[in-house]
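Both ligands and their constituent atoms are indexed starting at 1 by order of listing.
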Amino acid sequence: MRTHYCGDINETLIDQTVTFCGWVHRRRDHGGVIFLDVRDREGLVQVVFDPDTVDAFNTADSVRSEFVVQITGRVRGRPEGTTNENMKTGMIEVLGKEINVLNKAATPPFPLDGYTDVGEDVRLKYRYMDMRRPEMQEKLRFRSKVTSAARRFLEDNGFLDIETPILTRATPEGARDYLVPSRTHEGSFFALPQSPQLFKQLLMVSGFDRYYQIAKCFRDEDLRADRQPEFTQIDIEASFINEDEIMGMVQGMIKDIFAKELSVDLGDFPRMPFSEAMNKYGSDKPDLRIPMELVDVEEFLQDIDFKVFAAPAKDPKCRVAALKVPGGAELSRKQIDEYTKFVGIYGAKGLAWIKVNEIEKGVEGLQSPIIKFIGDDNTMKIMEKLDAKNGDIVFFGADKTKVVNEALGALRCKLGEDLNMYTKEWAALWVVDFPMFEENDDGSMTALHHPFTAPSCSPEELEKAPLEALSRAYDMVLNGCELGGGSIRIHDEAMQETVFRVLGISEEEQREKFGFLLDALKFGAPPHGGLAFGLDRLIMLLTGATSIREVIAFPKTQSAACVMTQAPGEVSNTQLRDLHIKLREKAKPAE
Ligand code: ASP
């Protein structure tokens, strides 16, 4: 139907006859001549219709925005003064000889020949129209380039692409499962995979040695900002490797993608123990572009009367930390109030501060509502420890360690952004030496990664002091985002049973839920490990998009629904009956 893409017609084709198809981007009537800009995925081309080609002229006159057309015409140089250097096709135009309307279009829900902010709901409802915009086309094409670069890298390194089931059993990654009722097994349910974790490990037991998959994963989470209920991972597993080998290899893959697609050299990835990341940055995914660190100041505050500081300073489960912000003394009261509200989201009950105006004058040169509670001496010792300079502001967090880390960690990132403190464009690192477990409020344990992660100690040591055990897990972090994470796995049955036991999973439940894994570990499971990268987030970072929804063709909204298809939707009673499901009566509205 066509000889060229619209966007590929250029001065090399002058005087040639071309046929192309696409959408009418814009129609202009210039006193007797009709101009059409016609668009396809490669770009726009300008077509001119003269009144002397009567039929074509009349048809061109009748088309409207987004009509689908097929045009044949002759390429010619644009008259002097009308060329457009910024357009691929800006040196030429096509003199239209024939135009064939392949389909009409209703008035678009939003104009495509100029940007108007119509709101995300409208864009998602008419996503197929939204994706006609060059911004969306570029992002999705870029995504395709990245997946193909990743595939090429992995295949060149001997990885095999193997699919794993979507209808399966629960794979614990810390979220709720999406369940699918079984028609043929009354009362039983499949779970959609939260990740291909157990299958990829079983592929190692089978001897495939190196596996990858661009895998859909499903997690029914309360949708915090920028998560999707279904998302894509580049999922990787290999046998007979240690953490250095696997980390080195996949780091090579990410560096390769950045070098090829953005001409960026990410440099070497430093490694940072989890404990250091939490202490200095309040986060296990520190943004190292921001030159600020959290500093412990408990030692100066344990013996003061001011309980707000003294109590947490003495409590081993708490932390009192300071964050020095260069140039922050200029923040107004109103701005400080806003930051106080901001840390409130993370549970902080307040945000104490000291402004450093003239440090050479001692406490006289400081400004703060809290010095009188801390005491002059302690205040100056803190200033000394922080090496405070004129123009700084120091913020304090005093609470449960988790609250202080989350609040000051988030504040650090927010200030970094608000005050534009970034020292470089990209900062990648590995976070390592994670604890195996976290203690819940009721004293039970949760695996920090997942329960198949190998600890760096023996089963006996693990059982004796589970909270002290470190794991052989590693996370790749870029600009404060977790790009990927994984671990060396447990390949020994006794170790796997120990981890389950520490997690409070009874023997019966172990057999019921993970019997197939425990069995497989009996039959010669090789040492193995792997990791998974969040593809959506990777593309978001690479394209500078503001949300992962911008790099997914058909994303769900924050309430885990699709406004276009109206999924999830109701089903008929017959379907429910087939699935042996009876819905509970909906709560009756209050009288
Ligand atoms: N299955 C893990 C996840 O989805 C990644 C891994 O450990 O390989 O986070």
Could you tell me, for ligand 1, which of its N or O atoms are under 3.5 Å from any protein N or O, listing the pairs and their distances rounded to 0.1 Å?
residue, atom, partner, partner atom, Å
ligand 1, 1 (N), Glu173, OE2, 2.6
ligand 1, 1 (N), Ser195, OG, 3.3
ligand 1, 1 (N), Gln197, OE1, 2.7
ligand 1, 4 (O), Glu173, OE2, 3.4
ligand 1, 4 (O), Arg219, NH2, 2.9
ligand 1, 4 (O), Gln233, NE2, 2.9
ligand 1, 7 (O), Gln197, OE1, 3.4
ligand 1, 7 (O), His450, NE2, 2.9
ligand 1, 7 (O), Arg489, NH1, 2.8
ligand 1, 7 (O), Arg489, NH2, 3.4
ligand 1, 8 (O), Lys200, NZ, 2.7
ligand 1, 8 (O), Arg489, NH2, 2.7

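- Arg412 places a side-chain N or O within donor-acceptor distance of the main-chain N or O of Asp287, the cut-off being under 3.5 Å.
- Listed for the Gln228 side chain is no donor-acceptor partner under 3.5 Å among the backbone atoms of Arg549.
- Side-chain contact annotation: Ser239 with Asp209, donor-acceptor N/O pair under 3.5 Å absent.
- Counting only N and O atoms by type, the side chains of Thr164 and Gln213 include a donor and acceptor under 3.5 Å apart.
- Between Phe500 and Phe514, the two ring planes are parallel [angle under 30°; tilted spans 30° to 60°].
- Judged purely by distance below 3.5 Å, without hydrogens or angles, the side chains of Tyr339 and Asp418 pair a donor atom with an acceptor atom.
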